Student: 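This is the structure I want to talk about, given as structure tokens.
The shown structure was predicted, so the numbers you read here are calculated from the model rather than taken from an experiment.
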Amino acid sequence: STVSWAFVAMQVIDEVFFTRLAARACVCIMTLQNASTMAWAFAVAGIADEDLLNSLSGLVRARSENLDCGVVARFTWAYGSLEVIDPELFRTLSQFVQQNVSGFSVADISSVATGFARASYAEPALLEVVAEEALRRLPVLGPNELPNILWAVAIGASCAGSEDGAASNYSG
């Protein structure tokens, strides 16, 4: 995960390297912290390696009791940015957010809201919790967080009310 992060930080995006790294990561034991950093780096690189993302998703679901706010923010942002459709993963992440929203930093709330919106995951209870927490923290939201959260809640509300049922694909 550190290697993928370093390559992205240096803006070196080599698909062959990332593909090999993904194959290796699929057979390694990783911490949730390392896995979320890897997911984030692949998202920044714009590389949606299906095997890696499936493997990391399984890791999150298997270790859901060990999640923390930063890990959830990185996974949500990464999978949303790559527009990965993974209902089980997003349900797990959504449940964590709903139970722990007050523990998220404002930057992480912004990442979570943006990730769910980009993935068209619009569970009404999740939207309500995120909107309420954003309202509670309004005085400390920065110039990036406020518009991102407002956009995400608006997109989520639009998806939740859409005729094509984009959001209902996730609500199970």
Student: Hey, does Ile85 have a side-chain heavy atom less than 4.5 Å from the side chain of Pro87?
Tutor: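 Yes, at least one pair of side-chain atoms sits under 4.5 Å.
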Student: Is any side-chain heavy atom of Gln33 closer than 4.5 Å to one of Thr37?
Tutor: yes
Student: Is Ser110 reaching over with its side chain to a backbone N or O of Val106, donor-acceptor style, under 3.5 angstrom?
Tutor: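 Not a single qualifying donor-acceptor pair exists.
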Student: Tell me whether Arg20 at atom CZ has more than 12 heavy atoms from other residues, nucleotides or ligands lying less than 6.0 Å away.
Tutor: no
Student: Should Leu52 and Met38 count as side-chain neighbours, where that means a heavy-atom distance under 4.5 Å?
Tutor: yes
Student: Quick check: closest heavy atoms across Leu141 and Ala134, and the distance to 0.1 Å?
Tutor: CD1-O, 3.6 Å
Student: Is there a chain of hydrophobic side chains (I, L, V, M, F, W, Y, each step under 4.5 Å between heavy atoms) that links Leu146 to Leu135?
Tutor: yes
Student: Ignoring hydrogens, what is the shortest heavy-atom contact between Ala78 and Ala39? Give both atom names and the distance.
Tutor: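 Ala78 and Ala39 have their closest heavy atoms at CB-O, 3.3 Å.
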Student: Does any non-hydrogen side-chain atom of Trp77 lie less than 4.5 Å from one of Val44?
Tutor: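 Yes, close enough: below the 4.5 Å cut-off.
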Student: Is a side-chain N or O of Asn148 found less than 3.5 angstrom from the main chain of Asn144, in a donor-acceptor match?
Tutor: yes
Student: Test: salt bridge (Lys or Arg N to Asp or Glu O under 4.0 Å). Region: residues 129-140. Which pairs qualify, not counting sequence neighbours?
Tutor: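 The answer is Glu133-Arg136, Glu133-Arg137.
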Student: Aromatic rings Phe90 and Tyr79: how do their planes relate, parallel, tilted or perpendicular, breaks at 30° and 60°?
Tutor: perpendicular
Student: Answer yes if the side chains of Thr114 and Arg118 hold a donor-acceptor pair under 3.5 Å, and no otherwise.
Tutor: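 Thr114 vs Arg118: no donor-acceptor pair found between side chains.
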Student: Enter the distance from Thr92:OG1 to Phe75:CZ here, rounded to the nearest 0.5 Å.
Tutor: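 Interatomic distance, Thr92 OG1 to Phe75 CZ, rounded to 0.5 Å: 11.0 Å.
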Student: Please round to the nearest 0.5 Å and tell me the distance separating atom CZ of Phe116 and atom OG of Ser94.
Tutor: 5.0 Å
Student: Specify the closest pair of heavy atoms between Gly142 and Pro147, including all atoms of both residues, with the distance to one decimal.
Tutor: O-CD, 4.2 Å
Student: Test Glu123 against every option in Gln98, Glu128, Gln95 by the side-chain contact (heavy atoms from CB on, under 4.5 Å) rule and name the one that passes.
Tutor: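 The option that passes is Gln98.
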Student: Please report the interatomic distance SG(Cys69) to CZ(Phe104), rounded to the nearest 0.5 Å.
Tutor: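 Those atoms lie 4.0 Å apart.
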Student: Using a 4.5 Å cut-off on heavy atoms from C-beta on, say whether the side chain of Val60 contacts that of Glu88.
Tutor: no
Student: Quick one, Leu67 and Asn100 - any side-chain contact, counting heavy atoms below 4.5 Å?
Tutor: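 No, every pair of side-chain atoms sits at 4.5 Å or beyond.
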Student: Ser111 side chain to Ala107 main-chain N or O, any donor-acceptor pair under 3.5 Å?
Tutor: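 Confirmed, Ser111 side chain pairs with Ala107 backbone.
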Student: Drop me the distance from Ser55's OG to Glu50's CD, to the nearest 0.5 angstrom.
Tutor: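 If I round to the nearest 0.5 Å, the distance is 12.0 Å.
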Student: Would you indicate whether the side-chain heavy atoms of Tyr121 and Leu126 approach each other to under 4.5 Å?
Tutor: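 Heavy-atom side-chain distance check passes, below 4.5 Å.
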Student: Which heavy atom of Val84 sits nearest to which heavy atom of Ala119, and what is that distance?
Tutor: O-CB, 4.3 Å
Student: Are Val140 and Ile149 co-members of a hydrophobic cluster defined by side-chain heavy atoms under 4.5 Å apart?
Tutor: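 Linked, Ile149 and Val140 end up in one cluster.
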Student: Provide the closest heavy-atom pair for Thr76 versus Val112 in the form atom of the first, atom of the second, distance.
Tutor: CG2-O, 3.5 Å
Student: Between Leu59 and Thr31, which heavy-atom pair has the shortest distance, and what is it?
Tutor: CD2-O, 4.2 Å
Student: Applying side-chain contact (heavy atoms from CB on, under 4.5 Å) between Phe42 and each of Ile47, Leu53, Leu56, report the one that passes.
Tutor: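 Among Ile47, Leu53, Leu56, the one that satisfies the side-chain contact (heavy atoms from CB on, under 4.5 Å) with Phe42 is Ile47.
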